[in-house]
There are 2 protein chains.
Amino acid sequence: MPARHHHRLSALEAAALLRRRELSAEALAQDCLARIAERETQVRAWAHIDADHVLRQARALDAGPLRGPLHGLPIGIKDVIDTAELPTQYGSPIYAGHQPAWDAACVTAIRRAGGVIMGKTVTSELATSYRGKTANPHNPAHTPGGSSSGSAAAVADFMVPLALGTQTGGSTLRPSSFCGVVGYKPSFGLLNRHGVKQVSESLDTLGLIGRAVTDVALLAGAVSGRSELLHCALREPPTIGIWRTFEWREAAPETHAALETAARVLSAAGAAVTERVMDPVFAELAAAHKDIQFREMAEALGYELRAHPEQLSASLRESIGYGMQVTPQVYDAKRVIAARARRLIDGVLSEYDMLLAPSAPGEAPHGLEDTGSPVFNRGWTLLRLPCVSVPAFTGPRGLPVGIQVVGRYWHDAKTLACAEWVYRQLESCRQR
Amino acid sequence: MPARHHHRLSALEAAALLRRRELSAEALAQDCLARIAERETQVRAWAHIDADHVLRQARALDAGPLRGPLHGLPIGIKDVIDTAELPTQYGSPIYAGHQPAWDAACVTAIRRAGGVIMGKTVTSELATSYRGKTANPHNPAHTPGGSSSGSAAAVADFMVPLALGTQTGGSTLRPSSFCGVVGYKPSFGLLNRHGVKQVSESLDTLGLIGRAVTDVALLAGAVSGRSELLHCALREPPTIGIWRTFEWREAAPETHAALETAARVLSAAGAAVTERVMDPVFAELAAAHKDIQFREMAEALGYELRAHPEQLSASLRESIGYGMQVTPQVYDAKRVIAARARRLIDGVLSEYDMLLAPSAPGEAPHGLEDTGSPVFNRGWTLLRLPCVSVPAFTGPRGLPVGIQVVGRYWHDAKTLACAEWVYRQLESCRQR
């Protein structure tokens, strides 16, 4: 690896060099900063970055003892996550220059583990759908997806090896698929949300983004304090249920091809791959998710609507308006659907090691206005299951197409192990 | 009702007068402010109060149209709940003078419904156990309980008809019992927590405090947008299961007497009252709650521990230290216990309209150092059930003793209706 290319290292590779003091945190940070300086005008992944703040952290780590598993790794933080030393604007003009009084719990965990807080990555408005300024690093005429736009783009563009996002609908998996990186939404409740701006209380989940499954596992292990997440290895090929979902009609040809190729390759590698037929209640999940999300969002964003309505986008005002029309009776009925589907899916996932499903309808849409559809993510988020988008294929416009690995609730270590196995089997597809 | 005694009205009575414009919001606010001026040096219920801010809100309401079910009602807000116009200090010197950028969702809901934000009530440190400055209004040598100390004391002392608290262990029910007021912890998830400082993510719940069950129901209906909560009437006397809990050995004689008298009076009023025997798994709930609470607390308060350890009380540092020792394996095992007990209690509560249990070990302890034990609340909080402490009896030192009404998960309207029925049947006990 030539000097000034350390930013291309995986998190795991860099962590090993940093641990052995063969690479300094400062040198790695400098390479990442140089990459950002070179590319940021095209990619626009950052809401706030301060090179001095980065280098101060890196030098302090180099001068002191090893701090933990993330020692010296630069990590991007989605700008809906509070940081005590950097402004946090939540992707909204309402919070221009806002300075939180604390670090979010996940930021504290990263600091404790020796991570370098690289800066704040662009989020779409208040982690909802109105776009930020970020472009897809594979083709700046296309969206990176949202709402964790900057985190996915920065990791994909080698600006940082790791970044935090969030997911309420499809805000981590979708941009990860669009940008060709690994996006992991843990089981609901696994990672603490203190200091993360709320969108929908029963759905919001921290997301983790990296260029390899083992990299997001490293970050997940450090943030959660769960060392079992680090050991991403299956003893034998997994049993895989393919579930195209009831939204399959919205899948583009490249997603059809991705799922079919994956099934073929994984089967050839020894996995027992079968198509799964699901209970009709799963057809109701996407709509149930929307009603639950929007009603909760109308509560969570009540202050912004009341005090600063003119600074909300028209589309977000419309979504809040929709949420205010979801009655408690409808909301409760959708909760009942979700609870029933959770019981059923737990039985289904006792029969397989993992499910395989689409990550997104297809390649990233053209233009920056539309961050793409979360339709292939809504149901899984509502089911609270661990999900990993694995980059695997390339679509007709040369843009990435991921596939989604879904595991059983709270079985995150096994889900990551399955995703890592899938990721390695599909290596040859990525190199094509 | 003579002039200058409007602060003694129930919320429901005041709301009716305000709605008919027979009482102005300003007159009610003035009476409450006068009561506070008279009593605050003894009770010390308020962390922040600004008479001008109160009167501005009241006058604006008097000058405009009727705003909603809380029109003109002064409401105290526990100082762990964010307010955009008042400092929020979370009961910690770390946050002296801290000014949030938003109103919590519950505060926005109160404003939208026409409530007057009266001020911030004292909380023990970061909603945990280290005491605030508040005294029990019935006897200032005794604790009001915690952590919602100021909210319970202010309502009990007729400073406000209603206040918001929070409960992670027993922080709403216990002070309500000690101060002789009604404390209601809704089903987990019913009321939005945006803008409430996190202690333990899977346990923290907003609490509502008033002097009558119908008053807390009015507030709950307004905050949740659920009109069904307002209709607190049973058609016939309830079926009641008495469950002394596995912590019964910690109950003082006055709590023995309270439960026995309540059973006799409610039975005489027509309720079918039977003792309930519970599965041994319920004996594990209090310990499971503690491990879950403390591990989550160690995550949520990680920033304070890292950046401001010297400004945390020794007892809180010790609790966080305990939480850091709870391994993921122990935490997960306790979650499994909780999930199993939730399934069992749901079956139990399908056989009764309500359970009756102790609210607290006994009267408020002497002194302000010890805010009392949450041992009779931990299990119910972990079970996520709606709970109401109903003031009913008086202990040997002349201090209040409440009893606890517990309902089925998400059946909050019925639980409030049961609590209202119990409250009315025990009227004669309160007047003794």
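The sequence lines fix the lettering, A, B, ..., with proteins before strands; numbering per chain opens at 1.
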Interchain contact, [X] with chain B, by part (heavy-atom threshold 4.5 Å):
{"X": "Glu299(A)", "result": "both"}
{"X": "Leu191(A)", "result": "backbone"}
{"X": "Ser227(A)", "result": "neither"}
{"X": "Ala84(A)", "result": "side chain"}
{"X": "Glu296(A)", "result": "backbone"}
{"X": "Arg193(A)", "result": "both"}
{"X": "Ala109(A)", "result": "neither"}

Counting heavy-atom pairs closer than 4.5 Å to chain A, which one of [options] comes out on top?
{"options": "Pro328(B), Ala105(B), Pro100(B), Ala307(B)", "value": "Pro328(B)"}
{"options": "Ala104(B), Gly302(B), Gly225(B), Gly195(B)", "value": "Gly302(B)"}
{"options": "Thr108(B), Val107(B), Asn192(B)", "value": "Asn192(B)"}

Original post:
Side-chain contact, heavy-atom cut-off 4.5 Å: Cys106(A) with Leu164(A)?
Top reply: yes
Original post:
Taking side chain as C-beta onward, heavy atoms only, is Lys78(B) less than 4.5 Å from Ser147(B)?
Top reply: yes
Original post:
Once the angle between the rings of Trp102(B) and His194(B) is folded into 0 to 90°, is it parallel (under 30°), tilted (30 to 60°) or perpendicular (over 60°)?
Top reply: tilted
Original post:
Relative to each other, are the rings of Tyr90(B) and His98(B) parallel, tilted or perpendicular (30° and 60° limits)?
Top reply: tilted
**OP:** Could you give me the CA-CA distance, side-chain angles and deciding distance for Arg317(A) and Glu304(A), then say whether salt bridge (Lys or Arg N to Asp or Glu O under 4.0 Å) is met?
**Re:** CA-CA 10 Å; Arg317(A) 282 203 306 273; Glu304(A) 289 81 1; over 6 Å; no
**OP:** Determine, step by step, whether Thr166(A) and Ser171(A) satisfy the side-chain hydrogen bond (donor to acceptor under 3.5 Å, both in side chains) criterion, reporting the C-alpha distance in whole Å, the side-chain angles of both residues, the deciding distance to 0.1 Å, and the verdict.
**Re:** CA-CA 6 Å; Thr166(A) 61; Ser171(A) 281; 5.5 Å; no
**OP:** Give a yes/no verdict on a cation-pi contact between Arg335(B) and Trp410(A), requiring under 6.0 Å between NZ or CZ and the six-membered ring centre and an angle within 45° of the axis.
**Re:** yes
